[in-house]
Structure formats: C-alpha cells, structure tokens
Asks: 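I'd like to ask some things about the structure below.
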Amino acid sequence: MPEVTASACPIDMESLVSLCKRRGFIFPSSEIYGGLNGFFDYGPLGVELKNNIKNAWWRDMVHRRDDIVGLDASVIMHPKVWEASGHLEGFSDPMVDCRESKMRYRADQLFFAPVIVAGETIGYVSVLEDGGMEERAAERAHDLKRKLGKQGEMEPLHLREYTEARPEEYALIPSPATGNPGSLTPPRDFNLMFQTYVGAVREEEAVAYLRPETAQGIFVDFKSVMDTSRVKLPFGIAQIGKAFRNEITPRNFIFRSREFEQMEMEYFIPPEEDWQVRHREWIDWCRNWLVGIGIRPELLSEYNHPTEKLAFYSRGTTDIMFAYPFGVQELWGIAARGDYDLRQHQEHAGKSMEYFDESRKSRYLPHVIEPALGVERTLLAVICSAYMQDEVDGESRNLLRFHPRVAPYKVAVFPLVKNKPALMERADAIQERLRRRWHVFFDVSGAIGRRYRRQDEIGTPFGVTVDFDTVEKDGCVTVRDRDTTRQERVSEDKLEGYLAERIGD
RNA sequence: GCGGGUAUAGUUCAGUGGUAGAACACCAGCCUUCCAAGCUGGCUACGUGAGUUCGAUUCUCACUACCCGCACCA
C-alpha cells in the first residue's frame with residue numbers, strides 16, 4: 001500500500017481557511033474584538049455540516065445498533081472525577097525551557113545526574129530520555145572529569161528526572177542543547193484543564209473544571225445506565241459533547257482548539273474476552289463509517305502506538321490518521337483501556353462499579369474499548385475530502401462533493417428566470433414542499449449557470465429548475481447533478497421520490 | 001513559549017505623511033428559455049491602542065490575530 005502523505009490532500013491550508021470564511025462555514029471567534037486564539041464559530045453552513053456529521057454518527061452508533069445506548073452528561077462534574085481519572089495530576093506536563101538556546105523540553109523526559117569523583121561533586125550531566133541515555137550520560141561524565149583534570153574513582157551515575165531536581169540544583173544542571181549549566185528554568189506546570197468556580201463565591205472549595213473529555217461522564221454514570229437500561233454485556237454507551245483543553249499552542253485552524261466537541265463511545269466487554277478481536281472490529285467499523293460519510297479512503301491510514309509508549313492505563317491504541325494539508329494527523333483514536341477508569345471511580349467514590357453476569361453468576365469490572373473522535377477534525381477531513389476543482393466547458397469550477405448525508409443543503413430550487421410569475425409561483429410551491437423534508441436553498445437571482453455554480457461551491461448535491469415546459473407542457477422539472485453536471489427531466493410528482501432515493505436517510 | 005513573516009472591501013491584491021483604488025464576489029433594477037453573459041446603479045476596508053507630527057492607513061512602540069519553522073500535544 002502506498003504511504004499516505006499530506007501532499008495527497010487536494011487543498012492547501014490557506015485556500016481551505018479562506019473557503020471556510022468566504023462561504024460561511026467557520027469564522028474566528030469574537031472577530032470584531034480581534035479574535036481569540038484557539039476558539040472558532042460555525043456559520044450558517046458550518047453548523048449544518050457539523051450537525052449532519054453528529055447526527056450521522058448518532059444514528060449509526062446508537063439508533064442502528066441494538067447494543068449501544070446514549071448519554072448526555074454535564075460539562076462540569078464533581079472535581080473528584082478528575083482526581084480519580086488522573087487528569088488533575090496527569091493532564092499537566094511539567095516543562096523546562098533553556099533560556100540560552102530557546103529549546104523547550106518535557107521535564108519528565110530530561111534526566112540528570114551529579115558527577116561524583118573521589119567523593120567530590122565536580123558537576124552535573126544531563127541527557128534526553130531514550131534507549132542509549134545511560135551510555136551518553138557516562139561519556140559526558142568522563143568528558144567532564146577529563147576537562148576539569150580530576151583524578152580518582154567516579155561513582156556510578158544515578159540518573160533522575162528533572163522534575164525531581166532540588167531547587168538549588170537547577171542552576172547546576174547543564175542544558176542538553178548547549179552543554180552549559182545555568183540556562184534551564186525550573187520545571188513549570190501547564191495544566192490543560194480550564195478552571196472555574198461553582199456558585200458566586202470564588203473560594204478554593206468551589207473550584208471545578210470544564211471537562212477535558214466526555215468519556216468520564218460515561219464511566220461515572222456507568223452504574224446508573226446499567227441499572228435502568230436493561231443492557232447486557234457486551235454493550236456500549238455513546239456521548240457527543242463539548243470538551244475543553246487549555247492547549248499551550250492551538251494550531252492548524254480548528255484541528256487543535258481550546259473548545260471542541262467529541263463523539264465518544266465506551267464499549268464494555270467481559271474481562272476475559274479477547275480484547276484484540278474487539279479492538280480490531282471497532283477500528284474497521286470506524287474506518288467504514290468515515291468512508292461512508294464521504295471521507296476519501298486514500299487519505300486514511302492507521303498508526304499503532306508502540307507498546308512502550310502507551311499511556312499506563314492503555315493496553316493498545318490505534319489511531320486512524322488523515323492526510324490533512326498540514327500533515328498526516330490523528331483523526332480517530334481507538335483505545336483499549338482495560339478496567340482502569342471504572343476501577344479508579346470505584347476506589348475514589350467507594351461505590352461498586354461491578355457488573356453482575358447472570359450467565360456466569362459472577363461479578364466483575366468490565367473492560368472497555370474506546371473509539372474517540374473529534375467533531376471538528378472530522379469536519380475538516382470531510383471538507384478536505386470533498387474539495388475539488390474541475391473544468392466545465394473550458395471554465396474552471398470549484399466544488400465541494402459532499403456526501404448527501406452531510407451536505408449543508410440537500411437541494412436547491414430555481415425558477416429558470418425570475419421575471420415570469422408563472423415560473424416563480426411553481427418553483428416556490430416546489431421549494432415549500434421539499435422544505436418539509438430537507439434543507440432547501442431557493443435562489444432566483446442571476447443566470448441559471450451562475451446559480452448552479454454557487455451551489456457547487458457549497459456542496460449542494462442537486463439543483464431543481466422550473467422552466468416553461470414545466471408550466472406549459474409536461475409538468476417535468478430539470479434535476480441537475482452537482483458532480484457530473486448532467487441534467488434529467490423528472491415529473492414533478494415523482495420528484496420527491498427521485499431525490500429521496502439519491503439523498504438517502 | 002522562541003524565531004521569521006503578514007495584517008487595506010466578503011475574497012485576492014494595488015497605493016499614499018494631506019481622508020484610499022482595481023478585479024472578482026455581493027445587493028437592486030433592466031434584460032435573460034439550462035452552466036460564473038450584458039448594461040446601469042449600489043454596499044463594504046486601512047486589526048487594536050499609544051507615540052512622533054499641524055496632519056498617520058503610511059513612521060515608531062506595544063498589543064491582538066493569522067501564516068511558516070522549532071518546541072509541545074496526559
């Protein structure tokens with residue numbers, strides 16, 4: 001299989017951002033006040049596209065399966081949820097900057113050790129974490145000893161994380177970039193959770209957090225759902241909702257923003273079931289779903305997290321990647337999380353999270369497979385997949401070939417000309433009727449060709465034109481196809497059925 | 001967070017120390033019998049805040065946002 005690269009993406013970043021703004025898909029947040037880094041607004045077309053993506057996911061994930069139920073938990077939850085989940089502790093990365101070289105490192109990936117020769121500390125060495133760091137640290141220690149002309153036996157190096165350095169040691173540890181001590185800052189915490197206060201009084205006890213992921217709502221409500229929904233293992237709980245992360249550097253348009261929306265599902269399975277089989281099933285399901293809403297399969301790839309780099313609670317994670325204009329990046333993460341989350345909440349809350357298995361007459365904590373997908377990342381992938389330029393009769397044409405399921409407008413209705421009342425009335429009656437079922441765009445101004453092109457650019461799959469024959473002769477309208485520009489005469493009473501067949505849902 | 005670049009109309013771009021122009025787009029009217037036609041008219045901009053100056057969109061500084069690279073992304 002050929003490697004998927006960003007250059008495969010049919011649109012560059014600048015054109016993409018410009019198109020989104022120009023056509024009313026996405027605006028910078030609070031633009032009249034200068035904008036706000038990491039936040040975005042969705043315009044008339046953007047909100048339709050976004051809702052269509054969410055609805056498609058919900059229908060396929062919840063309505064069209066008998067083993068998954070839905071949930072909508074609150075954004076702000078008890079602060080202890082985030083203690084139990086590990087986000088309060090682990091969602092922050094201590095960072096260290098080198099003031100001289102302007103390099104930045106994660107403090108837990110920077111290791112240091114004092115060099116002790118003949119009982120005297122002659123200096124420090126530092127290395128970045130990797131397989132050969134022990135050897136490199138030893139080399140540097142010997143270099144240091146030689147440089148200072150010290151004699152005597154060197155004690156074995158004891159490497160420690162920079163996070164464990166004592167304050168008086170910060171100035172003594174050399175920067176890995178320059179080799180000189182004195183330029184490293186103390187480790188600084190970046191907590192990615194937004195803080196707020198519950199109630200009008202701003203005091204410590206009132207501190208709460210905006211959720212950084214929707215998944216914890218599912219784990220916390222696991223028992224309630226189980227007790228009320230007559231679900232039996234294996235089963236899943238799905239949720240769509242906003243999440244917030246105070247990212248250090250939001251980048252790449254809506255790809256990494258501070259306020260975003262997740263579509264997450266936790267699929268609970270018996271602990272002894274072969275999780276790898278389930279995991280694979282879900283990866284395939286997710287990939288098929290993406291292709292089904294119009295994402296181009298040749299822009300998708302998979303990335304398996306190497307076992308040694310997995311988060312401690314994860315047994316295996318596969319990302320479905322997409323070739324965005326700015327690189328091949330994670331779109332959908334499918335993680336096997338074991339029973340970590342339920343176990344944590346069981347311990348912290350002191351409430352049993354166990355499932356009683358009727359068939360085995362035993363109690364246990366289920367394990368979980370978690371497919372987690374960002375709505376905005378999906379939306380971006382949908383636009384990138386749909387974008388194309390082609391040529392019609394020598395004229396270049398921009399179009400978005402949205403799958404009808406996600407297209408903001410499903411059909412546009414036009415009177416061929418607007419200065420003939422008979423055509424106007426008939427077209428108006430048709431749009432009224434179609435509007436009961438679909439989102440319809442009604443456009444009377446300009447030449448008919450221009451109106452077709454306008455719809456091409458916003459991805460409306462079908463155009464319906466009322467002409468003189470419609471009114472005077474055969475009662476048929478012209479249905480024009482966005483992708484092929486081909487036209488077909490369809491009798492007015494068959495129109496709705498004709499469109500329904502092609503739009504689906 | 002660091003370095004570099006950018007900021008003028010909805011978009012893409014001109015331009016000036018003395019109140020800004022084009023193209024396309026958009027709106028209205030006329031015309032128009034199926035792929036961005038034509039004519040007429042119209043709307044809309046110097047990112048924000050200071051400073052220098054008689055006067056700043058233009059020069060200076062700060063801020064904000066965006067783009068590229070680095071770093072980061074439990």
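Convention: sequence-line order gives letters A, B, ...; per-chain numbering from 1.
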Asks: Indicate yes or no: does A/E261 engage A/K242 in a salt bridge with an N to O separation below 4.0 Å.
Replies: no
Asks: Could you please name the option among B/rA74, B/rU12, B/rC34 that lies closest to any side-chain atom of A/E213?
Replies: B/rA74
Asks: Pair A/H367, A/R315 - check side chain to side chain donor-acceptor pair (under 3.5 Å), show working.
Replies: CA-CA 11 Å; A/H367 285 206; A/R315 311 168 86 186; 2.9 Å; yes
Asks: Between A/F244 and A/R258, is there a cation-pi geometry (under 6.0 Å to ring centre, at most 45° from the normal)?
Replies: no
Asks: Defining pairs by Watson-Crick or G-U wobble geometry with both distances under 3.5 Å, how would you list the stems of RNA chain B with at least three pairs each?
Replies: B:1-7 with B:64-70, B:10-13 with B:21-24, B:26-30 with B:38-42, B:47-51 with B:59-63
Asks: Checking ring pair (Phe, Tyr, Trp, His ring centres under 6.0 Å) for the pair A/F40/A/F253: CA distance, chi angles, key distance, verdict?
Replies: CA-CA 9 Å; A/F40 294 91; A/F253 199 32; 5.4 Å; yes
Asks: Side chain of A/R23, base of B/rG10: donor and acceptor closer than 3.5 Å?
Replies: no
Asks: Between the protein and nucleotides 60-64 of chain B, are there any N/O to N/O pairs under 3.5 Å, and if so, what are the atom names and distances?
Replies:
from   : atom 1 : to    : atom 2 : distance (Å)
B/rU64 : O2'    : A/G34 : O      : 3.1

Asks: Can you tell which of B/rA36, B/rA74, B/rC70 lies closest to the side chain of A/R251?
Replies: B/rC70
Asks: Nearest to the side chain of A/V417 - B/rU11, B/rU32, B/rC73?
Replies: B/rU32
Asks: Using whole Å, report how far CZ of A/R397 lies from P of B/rA36.
Replies: 12 Å
Asks: Holding to ring-ring contact (aromatic ring centres under 6.0 Å, His included), I want the full list of residues that pass it with A/F268, two or more places apart in sequence or in another chain.
Replies: A/F222, A/F235
Asks: Could you point out which residue of A/T485, A/T460, A/T465 forms a side chain to side chain donor-acceptor pair (under 3.5 Å) with A/Y452?
Replies: A/T465
Asks: Closest nucleotide of RNA chain B for A/N252 versus for A/G449: which of these residues is on the 5' side?
Replies: A/G449
Asks: Using side chain to side chain donor-acceptor pair (under 3.5 Å) as the criterion, point out the one residue from A/R22, A/K21, A/E14 that pairs with A/S18.
Replies: A/R22
Asks: Only counting residues at least two apart or in another chain, list the ones meeting side-chain hydrogen bond (donor to acceptor under 3.5 Å, both in side chains) with A/N304.
Replies: A/T318
Asks: Mind checking whether A/F326 and A/Y324 have parallel, tilted or perpendicular rings, split at 30° and 60°?
Replies: parallel
Asks: For RNA chain B, which residues of residues 474-485 of chain A approach it to below 4.0 angstrom with any heavy atom?
Replies: A/T478, A/R480, A/T485
Asks: Considering heavy-atom distances to RNA chain B, does A/P28 or A/R256 have its closest nucleotide positioned more toward the 5' end?
Replies: A/P28
Asks: Does A/Q262 reach the main-chain N or O of A/L373 with its side chain, forming a donor-acceptor pair under 3.5 Å?
Replies: no
Asks: Taking only heavy atoms on the protein side, list every residue of residues 490-498 of chain A lying under 4.0 Å from any atom of RNA chain B, sorted numerically.
Replies: none
Asks: Considering only side-chain heavy atoms of A/K418, which listed nucleotide, B/rA25, B/rU11, B/rC31, is closest?
Replies: B/rC31
Asks: If you measure from the ring centre of A/Y452 to the centre of the six-membered ring in the base of B/rC34, is it under 5.5 Å, with the planes under 30° apart?
Replies: no
Asks: Separation of A/E14 atom CD from B/rG5 atom C1', in whole Å?
Replies: 12 Å
Asks: Side chain of A/M13 only, heavy atoms from C-beta on: which candidate in B/rC68, B/rC34, B/rC26 is closest?
Replies: B/rC68
